[in-house]
Amino acid sequence: MIPLCDLKQQYLAIKDDVDEAIRQVLAECQFILGPNVKAFESEIAEYCGCPFAAGVGNGTDAMHLALRALGVGPGDEVITTPFTFIATTEAIGIVGARPVFVDIDPVTFNIDPAKIEPAITDRTKAILPVHLYGQPCDMDPITKIASQHNLLVVEDCAQAIGATYKGRKVGTFGDAGCFSFFPSKNLGAMGDGGMVVTNNPDVYERVEMLRRHGGKVKYHHSELGLNSRLDELQAAILRVKLRHLDLWNDYRRQNAYRYNRMLAGTAGLTCPAEHGSDGTFIPTGEDQPQNNLLRCVYHQYTLLADNRDDVVAVLKDLDIGCLVYYPVPLHFQEVHVNLDCRPGRFPVAEQVARCCFSIPMFPELTEEQQSVVAAVLKRTVADGEDGRSVYAAA
Ligand SMILES: *Cc1c(COP(=O)(O)O)cnc(C)c1O
């Protein structure tokens with residue numbers, strides 16, 4: 001069995017430090033907005049290279065509170081991608097705004113900047129790019145369009161903590177950056193957690209107030225907030241893990257390039273590619289691609305195959321971790337029927353949703369495990385044969 005993501009192995013490697021951090025919180029009994037949340041907020045702000053960070057209950061609330069803090073609300077439109085997790089549009093909907101989709105780039109699966117401008121109306125208030133699978137969106141054209149049209153930019157960085165674009169960390173390009181510490185993310189808590197980072201002190205102050213019932217002074221409430229604070233125990237655990245994040249992301253990158261090499265040239269299979277420094281795409285199969293534009297942190301290693309459903313069935317059968325992120329683009333979700341998006345409206349997202357699948361990706365993944373996965377894939381995808389025999393031999 002090869003898991004998609006191995007949280008137990010990660011815990012065992014840092015068990016003493018994590019256990020000690022938990023023990024200290026228990027000894028202090030300062031469970032709500034205690035010293036670890038405060039310290040972790042400073043550490044994340046420093047890590048991202050921006051002045052402010054506010055810990056919240058989860059990544060969805062991070063976006064919801066960031067949008068509210070920025071004054072996005074009823075009547076406003078927010079431009080985003082249809083190929084993401086539902087949390088992205090949930091946050092937009094919860095503040096009363098309307099998601100407006102634009103199609104994705106066929107190579108990176110991120111929002112296609114060239115398609116943003118035609119979607120802008122006089123109700124557009126913000127652009128919400130999602131750095132999917134750990135690859136930064138092409139931020140230069142996005143921020144340029146935003147400033148030309150006087151739009152806010154809120155980044156969904158749930159899958160991309162530590163990723164950089166032109167040497168700058170994701171989350172710091174616009175008005176707010178939103179992180180999730182869901183256990184399986186690159187920096188995962190042992191429960192839920194989230195963070196808003198911002199360069200704007202007003203946004204920080206508003207998020208900080210809204211996350212604890214909307215008042216500056218205890219028991220004095222100026223507006224309806226909610227209860228969404230980063231938990232002190234989670235902050236203590238995350239502080240331990242943050243020290244390892246860069247190394248873990250390096251291992252993810254190494255594993256991605258190793259998959260690229262192992263799978264290069266397999267007919268019928270498309271490996272992930274990185275948007276490169278000259279605007280072209282760094283092809284798969286390169287040893288260590290030179291990429292001066294961005295650093296992708298491979299939250300997922302996601303491929304395309306025409307016979308995706310067969311491939312997924314074979315991998316599942318062999319107990320090899322495999323998931324389809326995401327089988328249904330958001331414009332086809334029942335919850336969004338009111339947006340009235342007919343099939344064919346976002347053809348790239350629809351096609352990718354039909355063919356994509358993600359295979360085991362975590363820092364501790366071994367070369368041996370990767371070669372088993374690669375061998376099964378090559379056989380199943382390329383020859384249309386059943387890869388089970390390869391697995392039996394391995
Ligand atoms: C995980 C995730 C979120 C939401 O994070 P939670 O902490 O689970 O609320 C938002 N957007 C994307 C793209 C995600 O992958």
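First listed ligand is number 1; within each ligand, the first listed atom is number 1. Quantities reported herein were computed from a predicted structural model and do not represent experimental measurements.
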**Asked** Please state which protein non-hydrogen atom is closest to atom 10 (C) of ligand 1 and give its distance, to 0.1 Å?
**Response** A87 CB, 3.5 Å
**Message:** For ligand 1, which is the ligand I care about here, please tell me if G59 has any N or O atom under 3.5 Å from one of the ligand's N or O atoms.
**Reply:** yes
**Message:** If we set the cut-off at 4.0 Å for heavy atoms, which region of D61 has an atom near ligand 1: side chain, backbone, both, or neither?
**Reply:** neither
**Request:** Using a strict 4.0 Å threshold on nitrogen-to-oxygen distance, state whether D250 and R295 make a salt bridge.
**Result:** yes
**Item:** Heavy-atom nearest neighbour in the protein, as seen from atom 2 (C) of ligand 1, with distance rounded to 0.1 Å
**Value:** K185 NZ, 2.5 Å
**Request:** Indicate, with yes or no, if the rings of Y133 and Y298 have centres closer together than 6.0 Å.
**Result:** no
**Asked** Quick one: does T84 get within less than 4.0 Å of ligand 1, heavy atoms only?
**Response** yes
**Fill in**
atom 5 (O) of ligand 1 has as its nearest protein heavy atom S180 OG, 3.2 Å
**Message:** Taking K241 first and then E43, would you say they form a salt bridge - that is, a charged N and a carboxylate O separated by under 4.0 Å?
**Reply:** no
**Prompt:** Under 4.5 Å between side-chain heavy atoms, hopping through other hydrophobics if needed: is there a path connecting L330 to I104?
**Reply:** yes
**Message:** Distance under 4.0 Å to a non-hydrogen atom of M63: what atoms of ligand 1 satisfy this?
**Reply:** 10 (C)
**Ligand-residue contact atoms, ligand 1 with N58, heavy atoms, under 4.0 Å** = 7 (O), 9 (O)
**Asked** So which heavy atom in the protein is nearest atom 11 (N) of ligand 1, and how far is it from that ligand atom?
**Response** D156 OD2, 2.8 Å
**Message:** If the threshold is 4.0 Å, N to carboxylate O, is there a salt bridge linking R243 and D17?
**Reply:** yes
**Residue and atom name of the nearest protein heavy atom (relative to atom 9 (O) of ligand 1), distance in Å to one decimal** = T60 OG1, 2.4 Å
**Message:** So does P129 get a backbone contact from the side chain of E155, meaning a donor-acceptor N/O pair under 3.5 Å?
**Reply:** no
**Item:** Subset of ligand 1 atoms that lie under 4.0 Å from at least one heavy atom of V130
**Value:** 13 (C)
